[in-house]
Amino acid sequence: QVQLVESGGGLVQAGGSLRLSCEVSGRTFSHYFMGWFRQAPGKEREFVAHISWGAGIAYYANSVKGRFTISRDNAKNTLYLQMISLKPEDTAVYYCAAKDAPGYYASPIRYDYWGQGTQVTVSS
């Protein structure tokens, strides 16, 4: 059974920074394609960032490009999301997700495993 556990969320002022972590257990972390998604109240879950398992190629939503950085440490079975220059519109529950197959990285339904989420609140 694969488990994903996020941490690092919290309350921060606009312009501040946070680093989210997602620890993966149960299977070989290095073989997964990993993503971050977020969901604000009343909105659909949206893609934030994705990283491949091999070359570590990253993709970002336009809304976070240049401000967020996704990375992974396969030795620690951990995925990260470094967020800087945070805006109130970044407020959401952030989820990490994992999938076995490549492609369709921005589509939530393509992911096989999900964490429980961590709240990020950015005050103005």
Side-chain angles (χ1 to χ4, degrees):
Q1 184 72 14
V2 178
Q3 289 188 322
L4 289 72
V5 179
E6 301 97 335
S7 61
L11 174 63
V12 64
Q13 288 188 332
S17 302
L18 282 174
R19 188 176 80 156
L20 306 183
S21 300
C22 173
E23 187 171 349
V24 181
S25 61
R27 283 179 61 183
T28 305
F29 171 71
S30 61
H31 291 176
Y32 287 121
F33 297 84
M34 301 296 299
W36 286 99
F37 290 79
R38 66 187 183 186
Q39 188 165 18
K43 295 187 176 181
E44 293 187 352
R45 192 166 297 190
E46 66 172 358
F47 168 73
V48 174
H50 172 274
I51 189 166
S52 65
W53 69 264
I57 298 173
Y59 300 94
Y60 298 93
N62 287 335
S63 58
V64 306
K65 202 172 293 183
R67 300 187 298 120
F68 290 11
T69 303
I70 188 172
S71 62
R72 62 191 299 162
D73 186 334
N74 289 338
K76 295 183 178 179
N77 292 342
T78 303
L79 176 74
Y80 301 99
L81 185 68
Q82 179 68 50
M83 306 184 293
I84 65 171
S85 302
L86 282 161
K87 305 174 181 180
E89 51 264 43
D90 294 319
T91 296
V93 177
Y94 283 70
Y95 298 90
C96 69
K99 63 188 184 79
D100 295 312
Y104 301 102
Y105 57 82
S107 175
I109 64 172
R110 297 290 182 170
Y111 287 76
D112 304 298
Y113 309 102
W114 291 85
Q116 82 290 347
T118 185
Q119 176 71 46
V120 171
T121 303
V122 184
S123 63
S124 56

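What you see is a predicted model; the values in this text were computed from it and never measured. Starting from 1, each residue takes its place in the sequence as its number.
Of the possible polar contacts, one joining the Glu6 side chain to the Gln116 backbone as a donor-acceptor pair under 3.5 Å is found. A donor-acceptor pair is defined here as one N or O able to donate and one able to accept, closer than 3.5 Å; no such pair exists between the side chain of Ser85 and the backbone of Arg67. Thr91 places a side-chain N or O within 3.5 Å of a backbone atom of Val122 that can act as its donor or acceptor partner.
Cluster membership check: Tyr95 does not share its hydrophobic cluster with Phe68, using side-chain heavy-atom separations under 4.5 Å among Ile, Leu, Val, Met, Phe, Trp and Tyr. Note: the hydrophobic cluster containing Val12 also contains Val48 (ILVMFWY, side chain heavy atoms under 4.5 Å, direct or indirect links). Hydrophobic clustering (ILVMFWY, side-chain heavy atoms < 4.5 Å, transitive): Val93 and Met83 are in distinct clusters. Hydrophobic clustering (side-chain heavy atoms under 4.5 Å, transitive across Ile, Leu, Val, Met, Phe, Trp, Tyr) groups Leu20 together with Ile51.
The shortest non-hydrogen separation linking Ser17 to Gln82 is CB-NE2, 4.2 Å. Residues Thr121 and Gln119 share a closest heavy-atom pair of OG1-NE2, 3.3 Å.
Here the OG1-CG distance, from Thr78 to Leu4, works out to 10.5 Å after rounding to the nearest 0.5 Å. For the atom pair Glu23 CD and Asn77 CG, the distance stands at 7.0 Å (nearest 0.5 Å). Between the NZ atom of Lys99 and the OH atom of Tyr111 there is a distance of 5.0 Å, given to the nearest 0.5 Å. A distance of 10.0 Å separates OG in Ser124 from CD in Glu89, rounded to the nearest 0.5 Å. Note: Arg72 CZ to Cys22 SG = 10.0 Å, rounded to the nearest 0.5 Å.
Applying ring pair (Phe, Tyr, Trp, His ring centres under 6.0 Å) to Tyr105 and the options Phe33, Phe47, Phe37 leaves one that passes, Phe47. Each of Thr69, Ile70, Val64 was scored for a side-chain contact (heavy atoms from CB on, under 4.5 Å) with Leu81, with one residue passing: Ile70. Of the candidates Leu79, Val2, Asp112, Tyr32 forms a side-chain contact (heavy atoms from CB on, under 4.5 Å) with just one, namely Val2.
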Inset, instruction - Using the side-chain contact (heavy atoms from CB on, under 4.5 Å) rule, take Val24 and Met34 through it: C-alpha gap first, then chi angles, then the decisive distance, then the call. - result: CA-CA 10 Å; Val24 181; Met34 301 296 299; 3.9 Å; yes
Inset, instruction - Assess whether side-chain contact (heavy atoms from CB on, under 4.5 Å) is satisfied between Arg38 and Ser63, documenting all intermediate values. - result: CA-CA 12 Å; Arg38 66 187 183 186; Ser63 58; 3.5 Å; yes
Inset, instruction - Go through Arg19 and Tyr80 one step at a time and tell me if the side-chain contact (heavy atoms from CB on, under 4.5 Å) criterion holds. - result: CA-CA 7 Å; Arg19 188 176 80 156; Tyr80 301 99; 3.7 Å; yes
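Between His50 and Tyr59, the ring-plane angle classifies as tilted under the 30° and 60° cut-offs.
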